[in-house]
Amino acid sequence: CEKVGTPKILRMDQGGEFTGLKIKQLLDNYNIIDEYTSTGESNQNALTERVWNWLGNATRSIIKEAQLPSAYWTYAVKHAVHLYNRSVHPMLDGKTPLEVLKGRPHEDLRRIHTFGCVGYVHIDANKRDNKLGDRGLPAIYLGESESPMGHIMMYPRFDRPHYEGEIVITRNVIFHEKERIDSLKERVREESDIEDNSSTEESENKSIDTTTQDSIDPITREEKNLT
């Protein structure tokens with residue numbers, strides 16, 4: 001309340017989380033008037049209901065577009081709110097909620113990236129395998145972090161049901177906005193197939209070498225057995 005000002009009225013439904021003693025004490029401490037809508041009359045709080053409806057639809061679309069499991073819905077909701085607060089609204093005279101709230105122009109929209117896209121996270125020199133090691137590793141973008149500031153990136157594990165992997169927050173990312181997790185998964189599968197084929201060829205070559213040696217040197221083998 002101290003950062004953004006104190007609201008005068010808080011309108012809520014009659015859910016238990018809004019009618020308890022703790023919230024009443026909180027409202028009294030800040031001299032906020034509590035208003036409650038009638039049971040089953042969500043239209044009495046129409047603006048809030050429309051915002052919630054927009055966030056629900058946006059979250060669903062974001063998850064589908066990102067080709068991610070619904071387990072990532074919390075990240076998708078936060079990203080939807082991030083977009084909402086940086087979008088202009090007719091009721092705010094063409095300003096964004098953040099612009100009205102903070103009293104200054106909105107931030108550079110070029111910092112907004114596509115949820116679920118692939119980004120290559122920079123790897124510090126002291127963390128690489130060697131001088132020829134990768135300078136960046138592919139990860140999935142899951143939104144923005146305010147504390148600490150940076151991009152939320154996840155290194156997917158395709159051997160797990162929901163691809164859960166290590167999550168890092170960093171600002172050193174090169175984004176590929178049109179690339180999604182499915183294309184990354186396909187690339188990893190192809191690289192794995194190449195490695196498997198290489199291992200198979202090496203095993204076959206070793207087997208051929210052994211067979212060849214046995215076939216061209218039978219006398220030597222018999223002499224060794226006799227001695």
Side-chain angles (χ1 to χ4, degrees), residues 1-117 140-154 162-164 167 169 177 180-181:
C1 291
E2 295 177 358
K3 292 184 178 180
V4 298
T6 303
K8 295 180 179 180
I9 300 174
L10 188 61
R11 183 177 296 170
M12 306 161 285
D13 58 33
Q14 298 185 49
E17 66 273 25
F18 300 128
T19 58
L21 181 60
K22 288 185 177 180
I23 192 169
K24 287 185 175 295
Q25 291 176 344
L26 179 64
L27 296 178
D28 289 340
N29 291 339
Y30 288 98
N31 295 320
I32 300 174
I33 300 173
D34 53 340
E35 288 186 357
Y36 296 96
T37 59
S38 301
T39 303
E41 297 291 339
S42 59
N43 60 308
Q44 294 180 352
N45 208 6
L47 179 59
T48 302
E49 294 296 333
R50 284 198 297 270
V51 173
W52 277 115
N53 184 59
W54 184 91
L55 288 176
N57 292 334
T59 300
R60 191 179 303 108
S61 300
I62 288 171
I63 285 288
K64 293 292 184 182
E65 173 64 21
Q67 301 174 358
L68 287 172
S70 57
Y72 294 92
W73 71 270
T74 54
Y75 292 100
V77 168
K78 291 179 181 178
H79 187 71
V81 173
H82 186 80
L83 296 178
Y84 184 88
N85 288 334
R86 288 158 180 78
S87 302
V88 295
H89 296 273
M91 293 185 63
L92 301 178
D93 297 327
K95 297 180 180 180
T96 69
L98 278 181
E99 190 176 357
V100 174
L101 185 64
K102 296 183 177 181
R104 62 174 183 266
H106 59 75
E107 63 189 49
D108 188 354
L109 297 182
R110 289 177 295 182
R111 295 177 55 187
I112 296 178
H113 299 284
T114 305
F115 184 89
C117 72
I140 302 301
Y141 175 67
L142 296 179
E144 294 295 315
S145 171
E146 295 183 359
S147 180
M149 292 183 61
H151 311 299
I152 304 174
M153 308 297 297
M154 178 192 69
H162 300 303
Y163 315 135
E164 305 101 322
I167 292 180
I169 298 176
E177 303 281 351
R180 298 292 183 273
I181 193 169

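Note that the numbering runs from 1 along the sequence shown for the chain.
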Item to check | Residue pair F115 / A66: nearest heavy atoms and the distance that separates them | outcome: O-CB, 3.6 Å
Item to check | Criterion side-chain hydrogen bond (donor to acceptor under 3.5 Å, both in side chains) against H113, the qualifying member of H79, E144, E177 | outcome: E177
Item to check | Stepwise side-chain contact (heavy atoms from CB on, under 4.5 Å) check, R60 with N57 | outcome: CA-CA 5 Å; R60 191 179 303 108; N57 292 334; 3.0 Å; yes
Next on the checklist: Rounded to the nearest 0.5 Å, what separates atom CD1 in I181 from atom CD1 in I140?
Outcome noted: 4.5 Å
Checklist outcome for this item: T96 and N85 have their tightest heavy-atom pair at CB-O, 3.6 Å
Checklist entry - What's the spacing between I62 CD1 and T114 OG1 if we round to 0.5 Å? => result 10.0 Å
Checklist entry - Rounded to the nearest 0.5 Å, what separation is found between the CD1 atom of I32 and the CG atom of L26? => result 6.5 Å
Checklist entry - Which atoms form the tightest heavy-atom contact between T59 and A76, and what is the distance? => result CG2-CB, 3.7 Å
Next on the checklist: I'd like to know if the side chain of Y36 reaches the main chain of F18, judged simply by a donor and an acceptor atom lying under 3.5 Å from each other, with no hydrogens or angles considered.
Outcome noted: yes
Item to check | Pairs satisfying side-chain hydrogen bond (donor to acceptor under 3.5 Å, both in side chains), at least one member in residues 61-77, at least two apart | outcome: E65-R180
Item to check | G20 versus I23, closest heavy-atom pair with distance | outcome: O-CG2, 3.3 Å
Checklist entry - Any sub-3.5 Å donor-acceptor pair from N53's side-chain atoms to E49's backbone N or O? => result no
Checklist entry - Around atom CD of E146, are there more than 12 heavy atoms of other residues, nucleotides or ligands at under 6.0 Å? => result no
Next on the checklist: Just verifying a value: how many Å separate E35 CD and L10 CG, rounded to the nearest 0.5 Å?
Outcome noted: 9.0 Å
Checklist outcome for this item: Between W54 and A80, the two heavy atoms sitting closest are CZ3-O, 3.6 Å
Item to check | Closest heavy-atom pair and its distance - H82, I112 | outcome: NE2-CG1, 4.3 Å
Next on the checklist: For the CD atom of Q14 and the OG1 atom of T37, what is their distance to the nearest 0.5 Å?
Outcome noted: 6.5 Å
Checklist entry - Quick one: does L55's side chain get under 4.5 Å of V77's, heavy atoms only? => result no
Next on the checklist: For Y141 and H151, take the angle between the two ring planes, folded into 0 to 90°, and tell me which bin it lands in: parallel under 30, tilted 30 to 60, perpendicular over 60.
Outcome noted: perpendicular
Checklist entry - Which distance, rounded to the nearest 0.5 Å, do you find between the OG1 of T48 and the CE of M12? => result 11.0 Å
